Amino acid sequence: MARSASSTATKEARPQAHASPAPQDDKHDFFWTYTEEPHRTRRLAIIKAHPEASHPPVAVHVLSKPLTNCVQVLKLCGPEPLTKYVVAGVVGLQVVLAYLLQSTPFWSWKFWAVAYVFGATANQNLFLAIHEISHNLAFKSALANRFIAIFANLPIGIPYSASFRPYHLTHHKSLGVDGLDTDLPTALEAFVLDSIFGKAFFCTFQIFFYAIRPMAVYRVPLTWIHFLNIVVQISFDLVLLHFTSPNALLYLLLSSFLAGSLHPLAGHFIAEHYVYETVTPTQRNPDNKVPVPETFSYYGPLNFLTYNVGLHNEHHDFPAIPWTRLHAVYDIAKEFYEDLPRHESWVYAIWRFIWDENVGISCRVKRKNGGRLVGGAVKWKQSEVEA
């Protein structure tokens, strides 16, 4: 049994899947498993165990096929009206700050301090707003969700909301599946970045890894939504440059970079799926199968700024339940969640990822088969994905 290495993962994992790790002489390999991802299994178990959730009923808007025949805990499913107001407020805040900093020198402590404290926090919030909206949880209309995602994208500076959706939904449908789940680091990343310096580099520039890696794995076909995303974003950037100065746009771009760098909120990228359990060399023997947790939750105060993305087990179990009701999922099915390993601090998750020799780029659970591609892939990559 994988045991907790520190207070970061405070409790022993309840067996969910049997991972057959790589031979001990290949420390760069991942944890390979031959069972299905744990979230569908737990979702069905929770629905069966709690047919009558003691929570006020809300409009049901089922977005995931495994949930379509269920009507109990799924009363929590459906759009959250508050999301669009939060998005509007944060977009407005970033536009105001960009305007106010238009005459501030880029290489000044004030510019970088505002970008780190306020800008990065705001843009990380918008990253996760787009994450929430990708599940159609802002409006009932799918098209309205695509439009507000493009709006939330504006202060990020670079168009990505349209592409994020199919990659992220594939991450849910194909958790850990090699060649489909682009949240997984590649073998090249695991080999090159297997050092304190390499992991520090990864954490500092991880926003670029998450941006470039999907295209290296497979490409989704471009649709009119992608082109609209590009046109709207470029138009916004040009208007901002026309009425302010280059520094205003640089502020937004710097905010996006810092949001995915050594920032407290960026800890969620690493904390969500990297295995923070100590596995001994003996346990790395493929003949000795070890239950390895694949998803870690965080229940601390930073969830207030990040659409409760820390409740990541709950989110993967019920992706059609919005951020405002994820705590209700935990309360309803507490017996399923309270014994799972968790993170107590995203900052410490980053610190330990860099300095702990037992945690690294290869500490992810992978599958060779299973899953489903959402949105399709272009022909020149489709054959590789299917292979």
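What you see below is based on every heavy atom in this structure, not just the backbone, and it leaves out hydrogens, waters and symmetry mates. Note that the structure is predicted; figures quoted are calculated from it, not measured.
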**Test item: Asn313 and Leu340 side chains (from C-beta on) under 4.5 Å apart, heavy atoms** = yes

**Asked** Distance-only, no hydrogens or angles: does the Ser261 side chain make a donor-acceptor pair with backbone N or O of Leu258 under 3.5 Å?
**Response** no

**Request:** Looking only at non-hydrogen atoms, find the nearest pair between Ala349 and His343 and report the distance.
**Result:** CB-ND1, 3.9 Å

**Request:** Report yes or no: do His312 and His268 form a side-chain donor-acceptor pair below 3.5 Å?
**Result:** no

**Message:** Set out, in order, the CA-CA distance, both residues' side-chain angles and the distance that settles side-chain hydrogen bond (donor to acceptor under 3.5 Å, both in side chains) for His39 and His172, then state yes or no.
**Reply:** CA-CA 9 Å; His39 297 288; His172 273 266; over 6 Å; no

**Request:** Evaluate the side-chain proximity of Leu228 to Trp224: yes if any heavy-atom separation is below 4.5 Å, no if none is.
**Result:** yes

**Message:** Between Thr83 and Trp323, is the side-chain contact (heavy atoms from CB on, under 4.5 Å) condition met? List the steps.
**Reply:** CA-CA 9 Å; Thr83 299; Trp323 59 285; 2.8 Å; yes

**Prompt:** For Asp183, what residues pass the salt bridge (charged side-chain N to carboxylate O under 4.0 Å, His left out) criterion, not counting sequence neighbours?
**Reply:** Arg364

**Ile350 versus Cys203, closest heavy-atom pair with distance** = CG2-SG, 4.3 Å

**Message:** Nearest 0.5 Å, please: how far is CZ in Phe353 from CD in Gln206?
**Reply:** 8.0 Å

**Asked** Could you give the distance from OG (Ser161) to CG (Leu154), rounded to the nearest 0.5 Å?
**Response** 9.0 Å

**Asked** Between Glu314 and Ser297, do the side chains contain an N or O donor and an N or O acceptor separated by less than 3.5 Å?
**Response** yes

**Request:** Start with the C-alpha gap between Gln94 and Asn123, add the side-chain angles, then the distance that decides, and say whether side-chain contact (heavy atoms from CB on, under 4.5 Å) holds.
**Result:** CA-CA 8 Å; Gln94 281 294 77; Asn123 276 15; 2.9 Å; yes

**Asked** Below 4.5 Å, heavy atoms only, C-beta onward: do Tyr330 and Tyr299 meet side chain to side chain?
**Response** yes

**Asked** When you measure from the side chain of Asn145 to the backbone N and O of Ser141, does any donor-acceptor pair fall under 3.5 Å?
**Response** yes

**Message:** Side-chain heavy atoms under 4.5 Å apart, restricted to Ile/Leu/Val/Met/Phe/Trp/Tyr: what other residues fall into the cluster of Phe197, or is it alone?
**Reply:** none

**Message:** Could you check whether Gln124 and Thr121, counting side-chain N and O atoms only, form a donor-acceptor pair closer than 3.5 Å?
**Reply:** no

**Item:** Expected output: side-chain Arg43 to main-chain Phe318 donor-acceptor under 3.5 Å
**Value:** no

**Residue pair Asn358 / Arg352, side-chain donor-acceptor N/O under 3.5 Å** = no

**Minimal non-hydrogen separation, Thr35 against Thr33, with atom names** = OG1-OG1, 3.3 Å

**Asked** Hey, does Asn153 have a side-chain heavy atom less than 4.5 Å from the side chain of Asn229?
**Response** yes

**Asked** Which atoms form the tightest heavy-atom contact between Pro155 and Leu252, and what is the distance?
**Response** O-CB, 3.2 Å

**Complete:** Contacts of Asp181 meeting side chain to side chain donor-acceptor pair (under 3.5 Å) (sequence neighbours excluded), chain-then-number -> His171

**Asked** Is there a side-chain contact between Phe30 and Val365, using heavy atoms and a 4.5 Å cut-off?
**Response** no

**Prompt:** Below 6.0 angstrom between ring centroids: does that apply to His131 and His315?
**Reply:** yes

**His263 side chain to Tyr116 backbone, donor-acceptor under 3.5 Å** = yes

**Prompt:** Do Thr41 and Glu36 have side-chain atoms, one donor and one acceptor, less than 3.5 Å apart?
**Reply:** yes

**Item:** Hydrophobic cluster of Val374, others only, ordered by chain and residue number, side-chain cut-off 4.5 Å
**Value:** Leu169

**Request:** Look at the side-chain heavy atoms of Ile, Leu, Val, Met, Phe, Trp and Tyr, link any pair under 4.5 Å apart, and say whether Tyr218 and Leu175 land in one connected group.
**Result:** no

**Asked** Given Phe164 and Phe127, is the side-chain contact (heavy atoms from CB on, under 4.5 Å) satisfied, shown in steps?
**Response** CA-CA 10 Å; Phe164 173 80; Phe127 288 154; over 6 Å; no

**Request:** List for me each residue that meets side chain to side chain donor-acceptor pair (under 3.5 Å) alongside Trp346, sequence neighbours excluded, and say none if there are none.
**Result:** none

**Request:** May I ask you to check whether over 12 heavy atoms, not counting those of Asp331, lie within 6.0 Å of atom CG?
**Result:** yes

**Prompt:** Are there more than 12 heavy atoms of other residues, nucleotides or ligands under 6.0 Å from atom CD1 of Ile158?
**Reply:** no

**Item:** Rounded distance (nearest 0.5 Å) linking atom CG of Leu305 with atom CG of Asn308
**Value:** 10.5 Å

**Message:** Please check this pair: side chain of Ser362 against backbone of Ala190, looking for a donor-acceptor N/O pair closer than 3.5 Å.
**Reply:** no

**Approximate separation, where rounding is to 0.5 Å, of Leu241 CG and Leu249 CG** = 5.0 Å

**Item:** Electrostatic pair Glu294:Arg367 at N-O distance under 4.0 angstrom
**Value:** yes

**Asked** Applying the 4.5 Å side-chain criterion to the ILVMFWY set and letting contacts propagate, would Phe202 and Val347 be lumped into a single cluster?
**Response** no

**Prompt:** Do you know which of Tyr210, Phe205, Phe209 makes ring-ring contact (aromatic ring centres under 6.0 Å, His included) with Phe269?
**Reply:** Tyr210

**Request:** Answer yes or no: is there a donor N or O on one side and an acceptor on the other, between the side chain of Glu189 and the main chain of Thr186, under 3.5 Å?
**Result:** yes

**Asked** Are Arg42 and Asp317 close enough for a salt bridge, meaning some N to O gap below 4.0 Å?
**Response** yes

**Heavy atoms of other groups near Trp112 CH2, more than 12 under 6.0 Å** = yes

**Prompt:** Can you check side-chain contact (heavy atoms from CB on, under 4.5 Å) on Leu254 and Phe111, steps first, answer last?
**Reply:** CA-CA 10 Å; Leu254 179 61; Phe111 195 97; 3.9 Å; yes

**Item:** Val217 side chain reached by Leu180 side chain, heavy atoms, under 4.5 Å
**Value:** no

**Prompt:** Are Ile130 and Val231 in one and the same hydrophobic cluster, where Ile, Leu, Val, Met, Phe, Trp and Tyr link if side-chain heavy atoms are under 4.5 Å apart?
**Reply:** no

**Asked** Which pair of non-hydrogen atoms, one from Ile133 and one from Ala149, has the smallest distance, and what is that distance?
**Response** CG2-CB, 3.8 Å

**Request:** Group every Ile, Leu, Val, Met, Phe, Trp and Tyr by side-chain heavy-atom contacts under 4.5 Å, then state whether Leu184 and Tyr34 land in the same group.
**Result:** no

**Request:** Report yes or no: do Phe151 and Leu143 belong to one cluster of Ile/Leu/Val/Met/Phe/Trp/Tyr joined by side chain heavy-atom distances under 4.5 Å?
**Result:** yes

**Prompt:** Can you find a pair of side-chain heavy atoms, one from Ser174 and one from Glu37, that are under 4.5 Å apart?
**Reply:** no

**Quiz item: cation-pi between Arg165 and Tyr167, 6.0 Å / 45°** = no

**Message:** The test is salt bridge (charged side-chain N to carboxylate O under 4.0 Å, His left out); show your working for Lys366 and Asp178 and say whether it passes.
**Reply:** CA-CA 6 Å; Lys366 281 193 175 187; Asp178 194 35; 3.3 Å; yes

**Asked** Are the side chain of Lys199 and the backbone N or O of Val359 linked by a donor-acceptor pair below 3.5 Å?
**Response** yes

**Message:** Taking transitive links into account, so neighbours of neighbours count too, which hydrophobic residues share a cluster with Leu100 at under 4.5 Å side-chain distance?
**Reply:** Val96, Tyr99

**Request:** Measure across Pro79 and Arg325 and return the closest heavy-atom pair with its distance rounded to 0.1 Å.
**Result:** O-NH2, 3.2 Å

**Close side-chain approach of His273 and His316, heavy atoms under 4.5 Å** = yes

